[in-house]
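Note that these values count all heavy atoms, side chains included, but never hydrogens, waters or copies made by symmetry. Being a predicted model, the structure only gives us computed values, none of them experimental.
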Amino acid sequence: MAMTMMRSAMSSSQKKCGVGGLLINKEGSRLFSGFSFTPPPSSTPPPPPAEPSTNLFVSGLSKRTTTEGLREAFAKFGQVIDARVVTDRNSGYSKGFGFVRYATLEDAAKGIEGMDAKYLDGWVIFAEYARPRPQQPPQQYTGSPMSSPRY
DNA sequence: GCTGAGCGG
């Protein structure tokens, strides 16, 4: 008899505890991850500087900067073999970047150190080594290395 | 002839 009353009392003591126990801390889960970011599986590592070469890529040029201006600016740090400001064929205006070729790698390095992040015609230019472009040498033999004229 | 990241004639 008495047990019946006690059980009914305990049941009533449950009250509304079920809803209050559900708590999720978003910040807590972030802190648990701590110092470990997932590296992106997509491999697109663009190395900012290219390998040393006498060919220099100059960006950030002013629209008013011409090939002569580029050569004059870079000639102060080395012998410039060739300088060219890339211009659009349609309009003929500068694209804002150009290429400078030095006689030696030392001059190219000095040119970069001397003209990189410097002002030219009011614009900060950036000089770095140009990338090797896919320029295939125009060979008359269709590029077949099997060409053996003599045996 | 200019918007202003970028790699050419």
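- Scored by the side chain to side chain contact (heavy atoms under 4.5 Å, CB included) test, E113(A) finds no partners at all (sequence neighbours excluded).
- Considering CZ of F77(A) and CG of D116(A), their distance stands at 11.0 Å, rounded to 0.5 Å.
- Here the side chains of T104(A) and Y102(A) are not in contact, with every heavy-atom distance at 4.5 Å or above.
- In this structure, the nucleotide among dG9(B), dG4(B), dG6(B) sitting nearest to the side chain of K63(A) is dG4(B).
- Of the candidate nucleotides dG9(B), dC7(B), dC2(B), dG9(B) has the atom lying nearest to any side-chain atom of R133(A).
- A donor-acceptor contact under 3.5 Å links the side chain of N55(A) to the base of dG8(B).
- In this structure, the side chains of Y129(A) and N55(A) stay at 4.5 Å or more apart for every pair of heavy atoms.
- Spacing between atom CZ of F97(A) and atom C1' of dG9(B) amounts to 11 Å, rounded to whole angstrom units.
- When each of D82(A) and W123(A) is assigned the nucleotide of DNA chain B with its nearest heavy atom, W123(A) is the one assigned upstream, toward the 5' end.
- The distance between atom CG of D88(A) and atom P of dG1(B), rounded to the nearest whole Å, is 15 Å.
- Of the residues near DNA chain B, L61(A) and R101(A), the one whose nearest nucleotide (by heavy atom distance) lies more toward the 5' end is L61(A).
- Among the atoms of the strands shown, base atoms are found under 4.0 Å from some heavy atom of G60(A).
- At a cut-off of 3.5 angstrom, the base of dG1(B) holds no donor-acceptor pair with the side chain of R64(A).
- For S62(A), taking side-chain heavy atoms from C-beta onward, the closest of the listed nucleotides dG4(B), dG6(B), dG9(B) is dG4(B).
- Here the C1' atom of nucleotide dG8(B) and the CG atom of L56(A) are 14 Å apart, to the nearest Å.
- Straight-line distance from the CG atom of D121(A) to the P atom of dC2(B): 12 Å, rounded to whole Å.
- By the criterion of a centre-to-centre distance under 5.5 Å and near-parallel planes under 30°, the ring of F99(A) forms a stack with the base of dG8(B).
- The interatomic distance linking I125(A) (CD1) with dG6(B) (P) rounds to 18 Å, in whole Å.
- Across the protein-nucleic acid pair, Y93(A) atom OH and dT3(B) atom P stand 13 Å apart, rounded to whole Å.
- The interatomic distance linking R89(A) (CZ) with dG1(B) (P) rounds to 21 Å, in whole Å.
- Looking at V80(A), V85(A), I81(A) one by one, the single match for side chain to side chain contact (heavy atoms under 4.5 Å, CB included) with R71(A) turns out to be V80(A).
- The nearest whole Å value for the distance from the CZ atom in R84(A) to the P atom in dG8(B) is 12 Å.
- Residue K95(A) places its side chain closer to dG9(B) than to any other of dC7(B), dG4(B), dG9(B).
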